[in-house]
Visitor: 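Handing you this structure, nothing more for now.
Quick note on labels: first sequence line is chain A, next is B, and so on, each numbered from 1. Hydrogens, waters and symmetry mates play no part in the numbers below; they use all other heavy atoms, side chains included. Quick caveat: nothing in here was measured; it's all calculated off a predicted structure.
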Amino acid sequence: MLSLDFIRKNPDVVRRAGQLKGEPAPVDEILRLDADWRAHLHKAETIKAEQNELSKQFARTRDEALKERLRQMAEAGKTELSVADAVKRELDDMLLRVPNIFDESVPIGETEADNVVIREWGSKPDLGFPPRTHYDLGEALGIMDFERGARVAGSRFAFLAGEGARLERALVQFMLDVHTREHGYVELWSPLLVNTAAMTGTANLPKFADQLFKVEERDLWLIPTAEVPVTNFHREQILDADQLPLKYVSYAPSWRTEAGAAGKDTRGFIRMHQFSKVELVKVTTPETSMEEFEKLTHDAEAILQRLGLHYNVMAMCTGDMGFAQYKKYDLNAWAPGLDRYLEVSSCSVFNDFQAMRANIRYRPGRGAPPRFAHTINGSGLALPRTLDAIVETYQRSDGMITVPEVLKPYMGGVELIGAR
RNA sequence: GGGGAGGUGGCUGAGUGGUCGAAAGCACCCGCCUGCUAAGCGGGUAGGGGGUGUGAAACUCCCUCGAGGGUUCGAAUCCCUCCCUUCCCGCCA
């Protein structure tokens with residue numbers, strides 16, 4: 001969230017950000033409620049201060065008349081405070097719905113058509129034959145099963161079988177190994193269900209409840225990404241500056257309702273209710289967050305490069321970047337069979353937007369007052385689409401799939417999928 | 001799931017109605033002392049919010065002892081609900 005103080009001082013910045021993000025910010029209502037809240041609070045505190053003073057006097061004198069007066073003051077103070085609290089609750093709720101501002105470098109635009117490719121790696125491979133889609137190949141090889149997924153859980157669920165399941169596991173292992181051993185991330189195994197407070201911390205709530213699966217009759221939600229538990233790992237904490245940046249990597253299945261995506265990507269292993277993802281999360285200082293954000297993006301890119309997949313990096317425009325992000329890059333891997341790019345990673349920097357909600361702070365130096373940390377995250381990478389890109393890129397004319405060099409150590413001797 | 005104990009500052013831990021935002025110890029910081037180090041001596045060190053107001057200050061008030069409610073002129077202390085930790089029993093991958 002944005003702090004009240006920031007909104008008071010920069011109402012126009014907040015208004016403009018809301019407009020350009022397509023998420024209008026109720027700045028005027030907030031300022032009105034803020035003034036209202038402070039007026040009532042001030043009154044309540046004035047009463048309370050006098051009451052505290054007289055109460056000490058009563059402890060000495062035991063004067064009955066004074067006691068009666070204090071009783072009335074207590075009543076008046078309580079009333080005033082409850083009004084202030086009610087206004088503050090409304091104000092807080094509104095604050096949670098104000099979108100983050102964005103960085104100067106973010107392209108201004110409304111839709112994905114306004115996103116900007118900032119770099120590319122490799123080129124579209126020429127396979128020398130008409131490439132098939134991953135779902136075509138996957139079903140033919142018996143390594144992907146959409147029909148059974150649908151029968152067991154519904155549409156947008158699937159099974160991976162045999163070497164397909166193994167390939168997914170190999171990818172997870174490979175990614176975790178690279179990030180932990182070479183990029184210095186600490187691996188976390190985390191809860192896959194989290195409470196409302198945690199979801200609010202990462203800004204998935206209250207705005208995006210319709211994107212989440214909720215456990216009936218419990219305050220628990222299925223995570224849409226490991227970002228949620230991992231970012232909240234340090235919630236309500238004051239960190240030491242010399243601990244920063246904290247770097248975590250976590251593999252987790254992720255669940256999304258995909259509300260509003262009806263009809264999109266219904267074919268294939270692309271937009272599933274459940275998918276696997278290796279997630280990178282950093283907690284850092286305001287001074288280093290933009291640099292750490294770029295580095296995290298490169299850490300995610302390294303996986304694609306090692307896998308030999310052609311991809312591009314796209315800077316999301318204001319209208320397409322989302323409510324909470326300060327700046328965001330998407331990594332899109334080329335899928336020859338689908339003849340399009342697939343978003344395999346989304347890397348974002350939030351500044352203190354999440355940290356404020358989750359109350360993650362750090363102390364810049366000895367005796368210095370705490371400040372909100374900055375949070376960053378990105379997929380490193382999302383499994384199904386990465387798997388798709390691999391299957392489609394490494395397919396042979398006979399329908400078998402060559403295992404990428406870097407995954408061979410994880411495939412238990414399998415070098416060619418479908419060879420049997 | 002049943003029963004017991006407990007949740008206090010960075011940590012340990014005292015405090016059972018006002019003199020408590022909180023003893024003491026540890027840790028840390030500043031200063032003194034000292035061939036050096038250690039020890040010793042003095043001082044300091046929670047968070048959030050409001051008001052006033054500056055370049056960050058300074059001053060002042062309010063709130064916070066797991067969370068929320070209640071009793072009371074007054075609650076860390078009494079009552080209720082919830083959450084969490086821990087121990088014993090039961091169950092169990």
Visitor: Applying side chain to side chain donor-acceptor pair (under 3.5 Å), can you list everything that pairs with A/Lys9, at least two apart in sequence or on another chain?
Guide: A/Asp5
Visitor: Which class fits the ring pair A/Phe157 and A/His273: parallel under 30°, tilted 30 to 60°, perpendicular over 60°?
Guide: tilted
Visitor: Taking B/C91 as the reference, what is the distance to B/C11 when you measure between their C1' atoms (whole Å, please)?
Guide: 37 Å
Visitor: Mind checking the C1' distance from B/U54 to B/C59? Whole angstroms is fine.
Guide: 12 Å
Visitor: Flag the pair A/Glu68 and A/Arg71 as a salt bridge only when some basic side-chain nitrogen lies within less than 4.0 angstrom of an acidic carboxylate oxygen.
Guide: yes
Visitor: How many whole angstroms separate atom CZ of A/Arg60 from atom P of B/C73?
Guide: 19 Å
Visitor: Using purine N1 to pyrimidine N3 plus N6-O4 or O6-N4 for Watson-Crick, or N1-O2 and O6-N3 for G-U wobble, each under 3.5 Å, what pairs with B/C28?
Guide: B/G44
Visitor: Using Watson-Crick or G-U wobble geometry with both distances under 3.5 Å, which nucleotide pairs with B/C59?
Guide: B/G51
Visitor: In whole angstrom, what separates A/Phe58's CZ from B/U19's P?
Guide: 15 Å
Visitor: Any strand counts, and the cut-off is 3.5 Å on both contacts for Watson-Crick or G-U wobble. Which nucleotide pairs with B/A75?
Guide: none
Visitor: Whom does B/G1 pair with, Watson-Crick or G-U wobble, provided both distances fall under 3.5 Å?
Guide: B/C89
Visitor: Rounded to whole angstroms, how far apart are CD1 on A/Ile47 and C1' on B/C73?
Guide: 15 Å
Visitor: Could you give the CG-to-C1' distance, from A/Leu70 to B/G18, as a whole number of Å?
Guide: 13 Å
Visitor: For A/Arg357 and A/Asn359, run side chain to side chain donor-acceptor pair (under 3.5 Å): C-alpha distance rounded to whole Å, both residues' side-chain angles, the deciding distance at 0.1 Å, then the answer.
Guide: CA-CA 5 Å; A/Arg357 291 167 163 250; A/Asn359 200 13; over 6 Å; no
Visitor: Minimum heavy-atom separation for A/Glu110 and A/Cys317, please, with both atom names.
Guide: N-SG, 4.0 Å
Visitor: Roughly how many Å is it from CZ in A/Arg62 to C1' in B/G18, rounded to a whole number?
Guide: 8 Å
Visitor: Which donor-acceptor pairs under 3.5 Å do the side chains of residues 402-417 of chain A make with protein atoms, sequence neighbours left out?
Guide:
unit_1	atom_1	unit_2	atom_2	d
A/Glu405	OE1	A/Lys408	NZ	3.1
A/Tyr410	OH	A/Asp177	OD2	2.6

Visitor: Using the C1' atom in both, what is the distance from B/A46 to B/G3, to the nearest Å?
Guide: 37 Å
Visitor: For nucleotides 47-68 of chain B, just jot down a letter per nucleotide in 5' to 3' order: B, S or -, based on protein non-hydrogen atoms under 4.0 Å.
Guide: SSBSS---------BBS-----
Visitor: Rounding to an integer number of angstrom, what distance separates B/C88 and B/G15 when you compare their C1' atoms?
Guide: 29 Å
Visitor: Taking B/G35 as the reference, what is the distance to B/A39 when you measure between their C1' atoms (whole Å, please)?
Guide: 16 Å
Visitor: Looking only at atom C1', what distance separates B/U8 and B/C20, rounded to whole Å?
Guide: 12 Å
Visitor: Determine the minimum heavy-atom distance between A/Pro370 and A/Pro364, stating which atoms define it.
Guide: CA-CD, 4.5 Å
Visitor: Scan A/Asn115, A/Val106, A/Asp330 and name whichever one has a side chain to side chain contact (heavy atoms under 4.5 Å, CB included) with A/Asp320.
Guide: A/Asn115
Visitor: Taking the C1' atom in each of B/U64 and B/A76, what is the distance between them to the nearest angstrom?
Guide: 11 Å
Visitor: Calculate the interatomic distance between A/Glu64 atom CD and B/C73 atom P; express it in whole Å.
Guide: 10 Å
Visitor: Using the C1' atom in both, what is the distance from B/U85 to B/A67, to the nearest Å?
Guide: 15 Å
Visitor: Within this structure, what is the CG-to-C1' distance between A/Leu66 and B/G18, rounded to whole angstrom?
Guide: 14 Å
